[in-house]
Novice: 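What follows is a structure written as structure tokens; I'll ask about it next.
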Number of protein chains: 2
Amino acid sequence: MKDHSDLACTNVHSAIQDTLYVVNGKWKLLLLSILINEGTKRFGELARASGISPRILSKELHELELNQLVSRQVCPTKPVTVEYSATPYAGTLKEVIDAMIRWGQRHKQKLVRS
Amino acid sequence: MKDHSDLACTNVHSAIQDTLYVVNGKWKLLLLSILINEGTKRFGELARASGISPRILSKELHELELNQLVSRQVCPTKPVTVEYSATPYAGTLKEVIDAMIRWGQRHKQKLVRS
DNA sequence: CCGCATCCCTAAGGATACTG
DNA sequence: CAGTATCCTTAGGGATGCGG
């Protein structure tokens, strides 16, 4: 008999929902992917690389910071620049991100073929 | 030198966004997880298992059907029942779903510890 | 350059009631 | 039982302009 007890299913369901809650919306996983794969970036660079408007970008980065997935470093240049990096903890999301990249690529191939 | 050409990055970015577009929202990955891990379910069973209200559930299932991720089978019982199953193609999302389950479980552990 | 404030619009999602 | 219709609330996200 497979493990379909209520408890096990509930845990699986809530685990997915917990993850979705942290990385909700159109942008968070994209931003993490950029920071993980391309390293530290400044605010403006992220805005250009992602196509996100400054208001949304600011909000998303702030939420990612609250979840300890990105770190923010202010550089005392003139005028100031701000650098964002993926934290080590964000690395634990890499397998999610990579799986999504692979699936998106395969899915596009499928659409072309059909 | 790492492969950071514009083209490669663009492909990675759009692959993520393509995936996010297909499985957007709070519910689609949860529904697929249930159907993949627990097998075929009727509309009412899905509603109870997921906690989704009928209107939303109907809409989400319809969108998943359009993307060929679930199949819908009407059974000529009295009154009719309708069974939903994950398609073989939905199996290709399993690595995404499993990665999210693992991450959600680890993340909850982390929150408990800190 | 960073990123907040304001304003606005659309999309997502929930509650309830109802019909085939 | 399945799922649509109606109504409503909230969240997501875009544009622009200003201040540090």
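Below, chain A is the first sequence line, B the second, and so on; all start at residue 1.
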Novice: So, OP1 or OP2 of D:dA11: does either fall under 4.0 Å of a side-chain N or O from A:K59?
Specialist: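 Answer no for this pair, as no side-chain N or O of A:K59 is under 4.0 Å from OP1 or OP2.
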
Novice: For B:R55, does its backbone N or O pair with a side-chain atom of B:S58 as donor and acceptor, under 3.5 Å?
Specialist: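 Not at all, since once roles are kept as given, no pair shorter than 3.5 Å links the two residues.
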
Novice: Give a yes/no answer on whether the side chain of B:S53 brings an N or O atom under 4.0 Å of OP1 or OP2 in C:dA15.
Specialist: no

Novice: With a sphere of 6.0 Å drawn around CD of B:E65, does it hold more than 12 non-hydrogen atoms of other residues, nucleotides or ligands?
Specialist: yes

Novice: What class does the angle between the rings of A:Y89 and B:H107 fall in, given that below 30° is parallel, 30 to 60° is tilted and above 60° is perpendicular?
Specialist: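 Correct class here is parallel.
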
Novice: What's the verdict on side chain to side chain donor-acceptor pair (under 3.5 Å) for B:T92 and A:W103, showing C-alpha distance, side-chain angles and the deciding distance?
Specialist: CA-CA 7 Å; B:T92 62; A:W103 194 85; 2.8 Å; yes

Novice: Heavy atoms within less than 4.0 Å of DNA chain C: which residues of residues 76-86 of chain A have one? Give them sorted by number.
Specialist: A:P79, A:V80, A:T81, A:V82, A:Y84

Novice: Could you tell me how far apart A:R55 (CZ) and D:dA15 (C1') are, to the nearest whole angstrom?
Specialist: 10 Å

Novice: Look at all strands and tell whether A:R42 reaches a base, only sugar-phosphate, or nothing, counting heavy atoms closer than 4.0 Å.
Specialist: sugar-phosphate

Novice: Would you mind telling me which residue lines up with the more 5' stretch of DNA chain D, A:G25 or A:P54, judged by nearest nucleotide?
Specialist: A:G25

Novice: Establish, with yes or no, whether the OP1 or OP2 oxygen of C:dG3 is under 4.0 angstrom from a side-chain nitrogen or oxygen of A:R72.
Specialist: yes

Novice: Would you indicate, yes or no, if D:dG14 has its OP1 or OP2 atom less than 4.0 angstrom from a side-chain nitrogen or oxygen of A:K26?
Specialist: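 Yes, within the criterion.
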
Novice: Using a strict threshold of under 4.0 Å (side-chain N to carboxylate O), is an ion pair present between A:R106 and B:E95?
Specialist: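 A:R106 and B:E95: salt-bridged.
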
Novice: Walk me through whether A:R42 and A:E83 qualify under salt bridge (charged side-chain N to carboxylate O under 4.0 Å, His left out).
Specialist: CA-CA 4 Å; A:R42 287 186 296 108; A:E83 291 184 341; 6.0 Å; no

Novice: Using whole Å, report how far CH2 of A:W27 lies from C1' of D:dG12.
Specialist: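 Rounding to the nearest Å, CH2 of A:W27 and C1' of D:dG12 are 11 Å apart.
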
